[in-house]
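Order of the sequence lines fixes the chain letters, A, B, ..., with proteins taken first and strands second; residue numbering starts at 1 for each chain. Quick note: numbers below take in every heavy atom, side chains included, and nothing from hydrogens, waters or symmetry partners.
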Amino acid sequence: MAKLVRTDEEALLAEAARGFLDGAAPVSRLRNMRDSGETADPGLWKAMVEMGWAGILVPEAAGGSDMGHAAACVLAGEMGKTLASSPFISTAVIAATALRQVSDRRATEALGRIAAGQATYALAVDEGAKFDPANTRMEARADGNGFRLNGEKRFVVDGGNADRLLVLARTGNGLTLFDIPSGREGVSRERRATIDSRDTADIRFDEVVATGEDVLGQVDDAMTVLKPALEAGQAALAAEMAGLAAGAFGMTVEYLKERKQFGVPIGAFQALQHRAAHLWCECEVTASAIMHAGRMLDDDPGNASLAVSLAKARATDTAQRAVQEGVQMHGGIGMTDAFDMGFYMKRARVAAEWLGDYGYHANIVAQARGF
Amino acid sequence: MAKLVRTDEEALLAEAARGFLDGAAPVSRLRNMRDSGETADPGLWKAMVEMGWAGILVPEAAGGSDMGHAAACVLAGEMGKTLASSPFISTAVIAATALRQVSDRRATEALGRIAAGQATYALAVDEGAKFDPANTRMEARADGNGFRLNGEKRFVVDGGNADRLLVLARTGNGLTLFDIPSGREGVSRERRATIDSRDTADIRFDEVVATGEDVLGQVDDAMTVLKPALEAGQAALAAEMAGLAAGAFGMTVEYLKERKQFGVPIGAFQALQHRAAHLWCECEVTASAIMHAGRMLDDDPGNASLAVSLAKARATDTAQRAVQEGVQMHGGIGMTDAFDMGFYMKRARVAAEWLGDYGYHANIVAQARGF
Amino acid sequence: MEATEPEAFRGELRAWLEDNCPDEMRDGRNDEASICWGGKNWKFASDAQRTWLERCVTKGYTVPTWPVEYGGAGLNREQEKIFHDEMRRLNARYPLQSFGIWMLGPALLHFGTHEQKKHYLPPIARGEVRWCQGYSEPGAGSDLASLQTRCEDKGDHWLVNGQKIWTSYADKADWIFALVRTDRDAPKHKGISFVLIDMQSDGVSTRPIKLISGVSPFCETFFDHVKVPKDLVVGEVNRGWDVAKYLLTHEREMISAAGGTMGAGRPLGAVLADSETGLTDPVLRADAMRAEIDGLAVGLTLERYKDQAEAGQGAGDASAMLKYMGTELNKRRLELVMAAGGSDALGWDDDRAPNWLRTKANSIEGGTSEVMLSIISKRVLGLPG
Amino acid sequence: MEATEPEAFRGELRAWLEDNCPDEMRDGRNDEASICWGGKNWKFASDAQRTWLERCVTKGYTVPTWPVEYGGAGLNREQEKIFHDEMRRLNARYPLQSFGIWMLGPALLHFGTHEQKKHYLPPIARGEVRWCQGYSEPGAGSDLASLQTRCEDKGDHWLVNGQKIWTSYADKADWIFALVRTDRDAPKHKGISFVLIDMQSDGVSTRPIKLISGVSPFCETFFDHVKVPKDLVVGEVNRGWDVAKYLLTHEREMISAAGGTMGAGRPLGAVLADSETGLTDPVLRADAMRAEIDGLAVGLTLERYKDQAEAGQGAGDASAMLKYMGTELNKRRLELVMAAGGSDALGWDDDRAPNWLRTKANSIEGGTSEVMLSIISKRVLGLPG
C-alpha cells in the first residue's frame, strides 16, 4: 500500500489551494451568492479552471494535469474548509472519471472540454429520496437505432446549471449511462432551493431522444463506467466533508479561546476541552480514511469500494459531529444567520445525503467485511 | 394512569428493605459467598422470607402480602443497590406470577409454599445463547396420559439450587409450561460458573416423565401463564438493574469527592462533573420507566408489554453506562477485585442478557410503537 | 369548576369542546403559521381562530390552571391532565400561546402583588397583550447574572439603558419583562431587578436577528434612556434573581415538555415511516429505536416530576435534568427525521429542515446543556467547585 | 540485512519463516497461556516455543527493528511492515514479548549510554531477562509526576524507599525500571530519575493485585532500603521525566496498536458471527457496523502516523490520540463481543469475559482517557488552563 503521508506535490497543491481559496472563496462568497438569489458562482469556477483544477483528473494529452484522486481529494478538502461552491466534484471528478473509462476520441474531446472549463456536468442518478443507483427505474426505451428517455431524476446536484447531464436509465438488459446536453429537447429542469444554498435540480425527461453516440461505455453496462466515477465522487465528497469538519472545528476552537463567560475563556472549561479534544481525534481518524481512499483509487481502483465507503461514512459522521458541536459551543451566536456556522451545518446535511448516506456506506463496509 | 409517585406504603417498604439489606446483605456478603465457592446464599433467602418478601406477590389467602408488582420492583431495586443475591425474582416474582394465573388448589398451595419459603423455583426457557421463548424447540412428547421431556435448557438462572423448575417445551399444537421438581428422574443439572458469581445451570432432560398434573395452565397454551410471569420478571430485573446503576453511581460520586489528583478532588474536574451529571440524568429517566412498568403491571397487566420492555431496555443501557463510567472514573482501583465495582459490572452484564437483552426489548418497543 | 369529580369534569369538558371548537381548529397544528399569539396588533388568521379564542376566554381555557379571578379556569393537576387529554383527543389547536402565559403569568402569580396580578394577568388570558422576555445580553449568555443593562432610581421613575439579545418576538410584543441591574456595587446576583416595560415607551427599539433556519423569531432590543414607572418592579428591588431563577426552572420544564410530549405523542417510527424510505436501513432503524425508547422514558419522567410536585415532593433542580434530557433528545429526533427524509427533506419547501435547525437552539436557550449539567453536578450531586 | 529491495526481503523472509516456524507456533495465539515472556525463571510451555524463540534470536527477529549489534535485525519501516505481514500470513505467534522489548529497549536506545545498551539490550532480545515497569504509586495515578518513592544519593550508591503499584508481572520479573524522586525540593517534574533495579536486591518485595477479570497481572511492589549502584540511572539524574514522557508516548502507541491492529485484522463481523446468534438483531448489527468503520479508520490512522514518523513528520502529542481512540474502541468491540455471545459468553470457561473485563483497563493504564484528552486540549489545540 502506498504511504499514508502527503507527497511534496500534494502538500504544495494544498498550500496553493488554501492561498487561492482564502482570497477568492471565503465563506462570505457563498453568503453573497445566496443573498443575491443565485445557486451557482460561474466566476469562481472560472478561476478554478484557470488554476488547472478542472483538469486534475484529465490526462495530460487531453490538456489536464492528471494528478490523481488523492490530489483531487486534497483540493476538495481545501474547498470544504471554506465551503467553496463549484461543480468541481460533479464535473472534474465524477464526469472526468466516467469519461476516462471510455477510450474513444469523443471521450477524449469531452475530457479536453472539462479541463478547459468549456463544459460542466451533473450526475442524474437519484429517483427517490435516497441514493440507490442499482434500483434505477427510469426507462430508456429502444427506439430505432436509439433510445427515448422518460422519467424524472431528483436531487441532481449542480443540475440546474450544468451544460451536460450523465443520466442513468434502464435499458433492455440492464442499466445504461447517457451523456447528453442539458438543453436537449424534452429535458426540463426545476431548480430546488436546497438548504446549502447550492445548485440542485429535479429534472424531467419527456421522450428525450438519445442515440448510440450519447451512450457512455456500453449499453446495458453502465456500472463499468459509473462505478469508478461514483467512487471517485464519493471520495472527493468525503474529503470535502472532512475539510468542512476541520473548518467548523477551527472556528470553534478559536471561539473557545476568545469568548469569555464567568470571567474566563470558555475554552478553560474542562468539559468543553474534552469534547473539543475528542472532536479533534475524530477529525484525525477521518483524515486517515480520506487519504487511504485517495491512495486506493489511484493505486488499485478495482478494489477501492471498501476504502471509499469507509471514507464517506467516517466523513459524514465527523462532519455532523463537528457542526453540531460547533453550534452548541458557540451558543446563541451559532444559531444566527450572521455567523457562518449555520452554513457549515446545512452543507454537512446535504453532503451527508449526496452519493449515499452513512447507512448506505456502512452497509457496503459491512458487506466487504463479511457481515 | 396511576400516579408516578411512590405511595407511602412503597416508601416504607423501601426504607425497611434498605435498612435490612445494609445490615444483612452488603456487597461483602456476595464476595464472601463467591470466595467460599458457593453460588447461593440460603441464609439470606431465609431472612428475606422472614421479612415477608417471598410472598410479596402471593395472595393474602395463601399467606402472602399481595403488595403488587410496583412493590416487588421496589424490593428488587433495593437488592440491586448492594447486589443482594437470592432467588427472589425467579421464585417470588416469576413463579408466583405464573402460579397466580392458575386458580386451582394446587397452584394456591404452591403459592403458599413460596410465601413460606418452602420452595424455590427457576425458569428453564433459554435453549440458545439468547432469550427467545417463542422459538423453543425442546420437546415434550405425548406419552399415554402424560409427556416425556427431552432436551437441554441453558442459562437457567437459580437453576442449580432451585427446588422446582418451570420448563417451557413444545407439545402437539404449541408450547406448554411444566412445573416439576428439580429432583425428578432424568433431570440432570450442571452448574455453570457465571461471572456474577450467582447460581446458573445448564439442565438436561432425559426422558423426564410429566403428567397432566405437572402442566401449569393449559396444554399448548403456555403463554397465557408465562407471558405475565416473564413480564413481571423482566420488570423486577429492570428494577434490580436500576438499583445496581444507582449503587454503582453512588460509589462513583463518593469517590469523585474523596480521591485527589493534581491537588484537588477529581470531582472538581468539570469533564467528570458533566459525565456524572449526565449519568444521574440517565438514572432518573430510567427510574421513571421502572415505576411506570410496575404501575402498568398492577393496573393494566394485559397491556404492560411496552412498559416492561421500555423499562428493561432503559435499565440495561443505564446499568451498563453506570458500571463503565464507574470503573473508568475509579481508575486503577476500579479494576481490582478488592474493590466492589467489578461485582457491579459483572452482574450488570449477566442481568443484561437474562430475560431478553437490549435489542430484544427494543424490538418489542418498536413493534408496539408501530415500526 | 362545579364538577369536581374527574369523570364528570371530563364529560362536561368533552361536550363543551365538541360543541365549541370550530372544525378548522381541529387539525392539531402548532406551527408558526397557525399559532395565535394575541396582542394589541394581532391579526387573526381566520374567523375560526378568533371564534375559538373568544369562546375559550369565556371558560378560562386559554390559561386553564390560573385562578378564575385572573381569567383562568382554576383547574387542578388532575383536571389539567384531562384538559390536555381531551384537547388531544379532538386534535384541537391551543387557542392562545404566549410568553405571558408561559413565563410572566407564573412569575406574577408567585411574586406579584395583588394589584399587579389584577392589572396584568386578565389581558394575557384574553390575548389582548403580548409579552416578550428580556434576559440575555451580548456579554451575558450562560453567565446571565453578569448582565449590565442599567436601571437607575430617578426618584419618581426608573431610567433604563442597555441592550438585550434573544428577545423572542420583541418586534411584535406590547410589553417586555426584563432583568436589569439596579445596584452596580452589589455582588452580581444581588443587584438585579425584574421589571415590566411598555415597548411603546420612548427609547425602546428592536432589531430582528435572522437565524440559520431562515426565520427571525428573536430580536436585539435596545433601551436608550427609557423611563419606567416605579411600581413596575416584580418582587423586591435587587431580588430579581429570585424571580429569574423561578422562571428559569419553569422555562426549562416548558422546553423539555416540548421534547417530552413529542415522545409520549406520535411514535417516532410513524414520523419516520412517512418518509418515502421508511426504516429499512439498519443503522437508521436502530437509532430510531433508541430514540423512541429514550423519548418515552423522558416523557414518563416529565409526568413523574409533575406527579411528585403535586404530591408536594419538590423536583427543585431536577428541572435542569428535564431541560437537558428533553432538548438533547429533541435534537436527536430531528436528526433522524432529516436522515429518514433523505434528499426530500433538504429543501425549504416543507418544515422538516427549519424544524431541525430550530432544535439546535433548544439546548442553548433557557440555559445551555452545559449549564444544566453544571447545576446538576453542584446542586444535586454536591460535587466540589 | 543483505537484501534491501523490499520484494527480495519479503521472499527471503517468507522462505525462512516457512522453514523455521514450528507448526505448533502457527496458530496465531496471543493469549496469556501462549505468550513467551522469557526471563531467568521462564518455563517454556513446549519444545516448539523454545525452538521458535531460539531460531528467531539467531536472526534478530525477537526485536526486528533494533540494531543488529544489540540483538536485533535492523529492519527499516518498510521491512518491518513486511515482517508483520509475513508473520500474519503464516499466522505465526510472536516468539517473545516483554516490557523489555516494548518499553525499556526504546528508552535505552534513545537515552542510554553505549555501555547500558551493550549490557542490557542483548539479554532482552534473547529472552534471558524479564523486565517490569514501576511508574504509578497509590497517590500518583493520573498525576504521575507527584510520585513519592525516594531515591537518595548515598555517595557510592542510591538508596530507594517507597511503593509502586500496577507493576505488571513484578512477581515474575528479574529487573524493574522505575521512576523515583531524587530531588524532593525541586518542582515535581524536575526531581525525578529513571533507575534500573534488580528485583533480587535486598528489600524488594511484591504482592499481586487480583483484578475483576480474576487474574493478577499486576503487583504492588515495595522498596525497603534498597541499594542501587550509581550507574543504573538512565539519562541524566533529575531528568527522568523526559525518559518517562518519551516512554509514555511509546506506550500509548503500543496500547492503541493493540486496538488498531484488531480493526485492521479480523473483521468484527466475523468475530461476532462466531457467536451462535450472529448479527440478526438490528441494534447489535448497527453497533457492529459502526465499530467496524471506526476500527478500520483508527487502524489506518496508526499506519498514517507511522508513515509520517518515518517521513520525519513527528506525530508528537498525537500519540495521546491514538491511545485514547484505540482503547475506547477496544472497549466498544469487546462489549459487542459480549452482547453477541449472549449467555454463552457469561462464563469463565472461555476467554470472552476475561478479555472484555481486561479492556476496561486499557483506557486507564498508560494514562487515562481523561489525561489523553487534556493533553490534546492543551498541547494540540492550545486551549487555556
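Proximity of a side-chain donor or acceptor of Arg304(C) to a complementary backbone N or O of His292(B) within less than 3.5 Å is not detected. Looking at Asp307(C), its side chain does come within 3.5 Å of a backbone N or O of Leu4(B) through a donor-acceptor pair. Counting only distance, with no hydrogens or angles, the side chain of Gln273(B) and the backbone of Pro384(C) share a donor-acceptor pair below 3.5 Å.
Proximity of Ile293(C) to Asp317(B): side-chain heavy atoms (C-beta onward) are nowhere separated by under 4.5 Å.
Proximity to chain B is absent for every atom of Glu328(C), based on heavy atoms less than 4.5 angstrom apart. Interface remark: Ala288(C) contributes backbone and side-chain atoms alike to the contact with chain B (heavy atom separation under 4.5 Å). Contact of Ala311(C) with chain B is made through the side chain alone, with heavy-atom distances under 4.5 Å. In this structure, the portion of Tyr358(B) lying under 4.5 Å from any heavy atom of chain C is its side chain and not its backbone. For Ala287(B), the parts lying near chain C are the backbone and the side chain together; criterion is any non-hydrogen pair under 4.5 Å.
Ser288(B) OG to Gln308(C) CD: the interatomic distance, rounded to the nearest 0.5 Å, is 8.0 Å. Note: Ser377(C) OG to His274(B) NE2 = 6.5 Å, rounded to the nearest 0.5 Å. Distance check, rounded to the nearest 0.5 Å: CZ of Arg77(C) to NZ of Lys3(B) gives 6.5 Å. Rounded to the nearest 0.5 angstrom, Leu383(C) CG and Gln270(B) CD are separated by 11.5 Å. Atom-to-atom distance recorded for Leu381(C):CG and Lys257(B):NZ is 7.0 Å, nearest 0.5 angstrom.
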Inset, instruction - Under the side chain to side chain contact (heavy atoms under 4.5 Å, CB included) rule, what do Leu296(C) and Arg369(B) come out as? Steps first, then yes or no, please. - result: CA-CA 10 Å; Leu296(C) 287 166; Arg369(B) 297 287 285 173; 3.7 Å; yes
Inset, instruction - Please lay out, stage by stage, how Met289(C) and Val365(B) fare under the test side chain to side chain contact (heavy atoms under 4.5 Å, CB included). - result: CA-CA 8 Å; Met289(C) 287 161 76; Val365(B) 171; over 6 Å; no
Inset, instruction - Step by step, work out the side chain to side chain contact (heavy atoms under 4.5 Å, CB included) result for Leu300(C) and Leu310(B). - result: CA-CA 11 Å; Leu300(C) 289 169; Leu310(B) 180 66; 3.7 Å; yes
Inset, instruction - Apply side chain to side chain contact (heavy atoms under 4.5 Å, CB included) to the pair Val285(B) and Asp294(C), showing each step before the final yes or no. - result: CA-CA 8 Å; Val285(B) 167; Asp294(C) 296 343; over 6 Å; no
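Interface summary for chain C: among Glu282(B), Arg275(B), His361(B), the most heavy-atom pairs under 4.5 angstrom belong to Glu282(B).
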